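Below is one structure; the comments refer to it alone.
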2 protein chains.
Amino acid sequence: MSNEHSPPADWTAARDEFVAQWGSLGTQWGINRTMAQIHALLLISPTPLSTDDVMETLQVSRGNAHSNLKELVGWELVRSVPRKGERREFFEAEKDLWTVFLTVARQRARREIEPALRLLENCATRSEGASSDEGRLFHQQMVQLSEFIGFGLRVSDCVQRLRYPAALQFAMRLFPNSAAPKPPQLSP
Amino acid sequence: MSNEHSPPADWTAARDEFVAQWGSLGTQWGINRTMAQIHALLLISPTPLSTDDVMETLQVSRGNAHSNLKELVGWELVRSVPRKGERREFFEAEKDLWTVFLTVARQRARREIEPALRLLENCATRSEGASSDEGRLFHQQMVQLSEFIGFGLRVSDCVQRLRYPAALQFAMRLFPNSAAPKPPQLSP
DNA sequence: CTGTATTTTCAATAAATACTGAAAACACAG
DNA sequence: CTGTGTTTTCAGTATTTATTGAAAATACAG
């Protein structure tokens, strides 16, 4: 993994801190630590990594590395890339951040928001004719929540169709006082 | 709490399911079950509730109800309202969903995103002069991530200043094919 | 100050979640 | 088929997080 002529620079300390902290950050968002760390690792790796690479770097068991890699693949944030003449699997992360953002939004919408919306609509229907104060407020809030979340879902759908430059332009037009980041432009 | 002339309608079943499911939903987003359930409860309660009301309705201990109520107050999603001639505290949730959305966005930005941004900027600086492939990609990703997240923060800042109707209009202009929800209009 | 209602704290415990490691299943070369 | 390298599964264990309940602190009325 590490080779050649680089000075034993201390950016490696920054790397380790990034991986560790990204893991903690993840837990605050309902993502398990190891999964977030593997994602961090792959985000900054110039080459695809094997399960054993992950095990060694993060000092976790095979089962743990395996299941979290597979889950990342399930989230479409990581893909398995075959290597010529190698039997084992290698994994690489999607590195373009706009794509990562869209993917996370899409997956969370599908897995979590849409089921919630169904719940809310169902609750709204079931409380249709309520006559008490409590019942009417409940119905009202269910309708309001489902409309709010439904609207959010539709906006997200539209955003999915934007390429990064278009999204940027929209944002700039909407929020002139917020400077935009340079467009992502990764090396091949 | 329950009184008067309502038929023993079954919307109460819908209510119970809403509270329970909102709790599970919360856990997927890194919020503990009880806290999410208390929030759900207050969102649909026409009157402020006491700690004992919460304990009884959700069947949780005093300590649990207490600490989660206080944390909700800390998130500014719930406020304590004094009741004339009553010594104990009553709590009510912010019910306007646009306000709730802005509050959650603001709090998460402050508590989680801003610290992450500082980490990323720090990592970007510390890897400034890296010469290896790995080092340069790391630096590049740190810069990219911090710019992306920084931009998100600035957009969020701007959104904070929008009233709901203005936000709606913006969204409609951006995404003409997504029908908008009726503007929230709660009874006094 | 004394007594009572209420809030707050926190050590102990329970529940949920994540992780390990070894065994089983699988894939393929020879 | 046999042997070897790899992936997958999963029961057991460890870790983390949430919850309880009772004691301590607080607030106030009389």
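Fair warning: this is a prediction, and the values are worked out from it, not measured in the lab.
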**Request:** Kindly write out the residues that satisfy side-chain hydrogen bond (donor to acceptor under 3.5 Å, both in side chains) with B:T103, not counting sequence neighbours, or none if the list is empty.
**Result:** B:R106

**Prompt:** What residue pairs, at least two apart or across chains, pass ring pair (Phe, Tyr, Trp, His ring centres under 6.0 Å) with a residue in residues 43-96 of chain B?
**Reply:** none

**Request:** Using a cut-off of strictly less than 4.0 Å between a heavy atom of the residue and any atom of DNA chain C, enumerate the qualifying residues of residues 19-31 of chain A by number.
**Result:** none

**Request:** Taking only the side-chain nitrogens and oxygens of B:N64, find out if one of them lies under 4.0 Å from OP1 or OP2 of D:dT20.
**Result:** yes

**Fill in**
In whole angstroms, the gap separating P of D:dT7 from CG of A:L49 amounts to 13 Å

**Asked** Reckon B:R88 touches a base, only the sugar-phosphate, or nothing at all at heavy-atom distances under 4.0 Å?
**Response** sugar-phosphate

**Asked** Using a distance-only test with no angle check, is there a side-chain donor-acceptor pair under 3.5 angstrom linking B:S146 and B:E121?
**Response** no

**Asked** For A:G63 and B:F90, take the nucleotide of DNA chain C holding the closest heavy atom to each; which residue's nucleotide lies nearer the 5' end?
**Response** B:F90

**Request:** Give A:N32 one of three labels, base, sugar-phosphate or nothing, depending on what nucleic acid heavy atoms sit under 4.0 Å from its own.
**Result:** sugar-phosphate

**Item:** Qualifying salt bridge (Lys or Arg N to Asp or Glu O under 4.0 Å) pairs, either residue in residues 18-30 of chain A, two or more places apart
**Value:** none

**Request:** With sequence neighbours left out, write down each residue that passes side chain to side chain contact (heavy atoms under 4.5 Å, CB included) with B:D16, or none if nothing qualifies.
**Result:** none

**Request:** Please identify each residue that fulfils salt bridge (Lys or Arg N to Asp or Glu O under 4.0 Å) with B:D157, with sequence neighbours left out.
**Result:** none

**Request:** With a 4.0 Å heavy-atom cut-off, tell me which residues in residues 65-85 of chain B come close to DNA chain C, sorted by residue number.
**Result:** B:H66, B:K70

**Request:** May I have the distance from B:R33 (atom CZ) to D:dT19 (atom P), rounded to whole angstrom?
**Result:** 8 Å

**Message:** I'd like to know if B:R136 pairs up with B:E128 as an ion pair, taking the criterion as any Lys NZ or Arg NE/NH1/NH2 lying under 4.0 Å from an Asp or Glu carboxylate oxygen.
**Reply:** no

**Asked** Under the side chain to side chain contact (heavy atoms under 4.5 Å, CB included) test, which residues partner A:A14, sequence neighbours left out?
**Response** B:C123, B:R126, B:F138

**Item:** A:Q21: partners by side chain to side chain contact (heavy atoms under 4.5 Å, CB included), with sequence neighbours left out
**Value:** A:E17, B:L119

**Item:** First encountered from the 5' end of DNA chain D, between B:R62 and A:D52
**Value:** A:D52

**5' to 3' contact window, DNA chain C with chain A (heavy-atom distance under 4.0 Å)** = C:dA18 to C:dA27

**Item:** Partner set under side-chain hydrogen bond (donor to acceptor under 3.5 Å, both in side chains) for B:E71, not counting sequence neighbours
**Value:** none

**Item:** Nearest-Å distance for atom pair CD/C1', residues A:E89 and D:dT8
**Value:** 11 Å

**Fill in**
So salt bridge (Lys or Arg N to Asp or Glu O under 4.0 Å) across residues 109-119 of chain A, not counting sequence neighbours, yields A:R108-A:E112

**Atom-to-atom span, CZ of A:R87 to C1' of D:dT4 - whole angstrom** = 7 Å

